[in-house]
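Everything on this sheet refers to the single structure shown next.
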Number of protein chains: 2
Amino acid sequence: MGRNPEGNQRIRDQRRRLVLSAALKLFADRGLAATRISDIAWAAGISDGLVYHYFDSKDAIFVELVRSALAAMVASAHALENLAVSPRDRLKLALGGVRRDLARRGDAANALVLVASAAVSANVPADALQALEDGQLELQASIARIVEAGQADGSVRPGEPAELASVFWTLILGLAVRRGIRSDNAPAPSAELLVSLFGVDPPALTRGDRTLDAGTRSY
Amino acid sequence: MGRNPEGNQRIRDQRRRLVLSAALKLFADRGLAATRISDIAWAAGISDGLVYHYFDSKDAIFVELVRSALAAMVASAHALENLAVSPRDRLKLALGGVRRDLARRGDAANALVLVASAAVSANVPADALQALEDGQLELQASIARIVEAGQADGSVRPGEPAELASVFWTLILGLAVRRGIRSDNAPAPSAELLVSLFGVDPPALTRGDRTLDAGTRSY
DNA sequence: GTCTATATCCAGATAGAC
DNA sequence: GTCTATCTGGATATAGAC
């Protein structure tokens, strides 16, 4: 089993993913500036020097993570658009997915927090900022299309779709930020309540339906 | 006019405030870890060493800023509770104030962004985290009381007041995060739309009333 | 109170042996 | 591909002159 080029490439990709995965958690927890290369290397189980064999710099790792986080979110939003459920339920799936992901504290949660953390700070690498702007724009456009469809079938409240999508995205960012505050005595709002903000029905104290939990892979 | 103790104290307080004001802007822009003491000193027009004459450490400056930011927000919320307008308009004043503050990019905006930035990151000083939790709890309690009053007079939609307050606070954090994304092609949602999320009225495309802009000093 | 100088430490990134 | 050793710069914080 001599090493062939493809095998080497696979090993290389695997290592890169290992580093990225370790870095994602650290960046989400501590932010770009407070995360040390040595932390990343340690978490990935390799030496400091080896990190630079796979990436040009700390910033480069960060940028790649922000890019892929947003790409995954955009892909997730597009998948949602094509889902065979009512627009209103598409919104509910999105919010439920975000809430669930944040609660699980896995890679998906870290990706969201990374995006929020990159958004608050003005000292992120320019490429990361660009990815952020592009991704946010596309996400909001996608949400706006769902909103519009919901208004057409009467399940979503009236209002400028772009503006409602902006509210939707603002809520998601807010949820990501709240995850950071541990031992939350006041837990984050439920998906039911959140989606009811966008509904047309007279808001009821409790709605009958439970959280939809479909098989959407949410970023 | 020889220096007396009180005069010295005033000078000392003034200098402290100068440093704090410079640090607030920097921390809000770049976060705790990426802000250098030398940046703060330069912005305040003093030497690096002198900063340590007034504060024990960089962390201490940060903690004091987080504390005072939250204290101001809590005070602002309490003031809002006692305002002689309808509960619904109190909510609108709060959201309008936040939006206006963020747009102005002054100290109030920086305070909000500082809080959001401290909330996302897990590596803030323990004292800052404590202040954050306490402040958030008190803020949500305050908002919940307004919501409850609004439900009593029929101007606010039904729902658990604590949960609606949680949504409210989540939105504010989200707005603070969005401020960080410059050249926003998709601008943040309007205060009218935001407050309409909490209203009982059938959501209309456009509401007649314009932004209330009272003289509340918002944090 | 204020500055300059500096001790001390540690980070990002590179070099080169294996 | 991987590591150890190291260069180099810069950051926090302190010491001590004025």
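Numbers restart at 1 for each chain; the letters A, B, ... are given by sequence-line order, proteins then strands.
Side-chain contact between A/D107 and A/L24 is present, with at least one heavy-atom pair separated by less than 4.5 Å. The side-chain heavy atoms of B/L194 and B/L91, taken from C-beta on, include no pair separated by under 4.5 Å.
Here A/H53 reaches the OP1 or OP2 of D/dG1: one of its side-chain N or O atoms lies under 4.0 Å away.
Residue B/K58 places its NZ atom among more than 12 non-hydrogen atoms of other residues, nucleotides or ligands, all under 6.0 Å distant.
For the segment residues 15-28 of chain A, the set of residues with a heavy atom within less than 4.0 Å of an atom of DNA chain D comprises A/R15, in numerical order.
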Evaluation steps, side-chain contact (heavy atoms from CB on, under 4.5 Å), between A/R16 and A/E64: CA-CA 11 Å; A/R16 278 180 59 92; A/E64 184 157 335; 2.6 Å; yes
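In this structure, A/F55 places its CZ atom 13 Å from P of C/dA13, rounding to the nearest Å. Atom CG in A/L50 sits about 18 Å away from atom P in C/dG16, given to the nearest Å. Atom CZ in A/R10 sits roughly 13 Å away from atom P in D/dG1 (whole-Å rounding).
In this structure, A/T170 contributes its side chain and A/S166 its backbone to a donor-acceptor pair below 3.5 Å.
With respect to the salt-bridge test (charged N to carboxylate O, under 4.0 angstrom), the residues A/E138 and A/R145 qualify.
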Below 3.5 Å is the cut-off: list the nitrogen or oxygen pairs between protein and nucleotides 9-12 of chain D, distance only.
from   : atom 1 : to    : atom 2 : distance (Å)
D/dT12 : OP1    : B/I37 : N      : 3.2
D/dT12 : OP1    : B/K58 : NZ     : 3.4
D/dT12 : OP2    : B/I37 : N      : 3.1

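Residue A/Y54 has its side chain nearest to D/dT2 when only D/dC3, D/dT2, C/dC3 are considered. For B/R12, the listed nucleotide lying nearest its side chain is C/dG1; candidates were C/dG1, C/dC3, D/dC3.
For the residue pair A/D59/A/S57, the side-chain donor-acceptor check at 3.5 Å is not satisfied.
The side chain to side chain contact (heavy atoms under 4.5 Å, CB included) check on A/A119 picks up A/L132, B/V177, B/I181, with sequence neighbours excluded.
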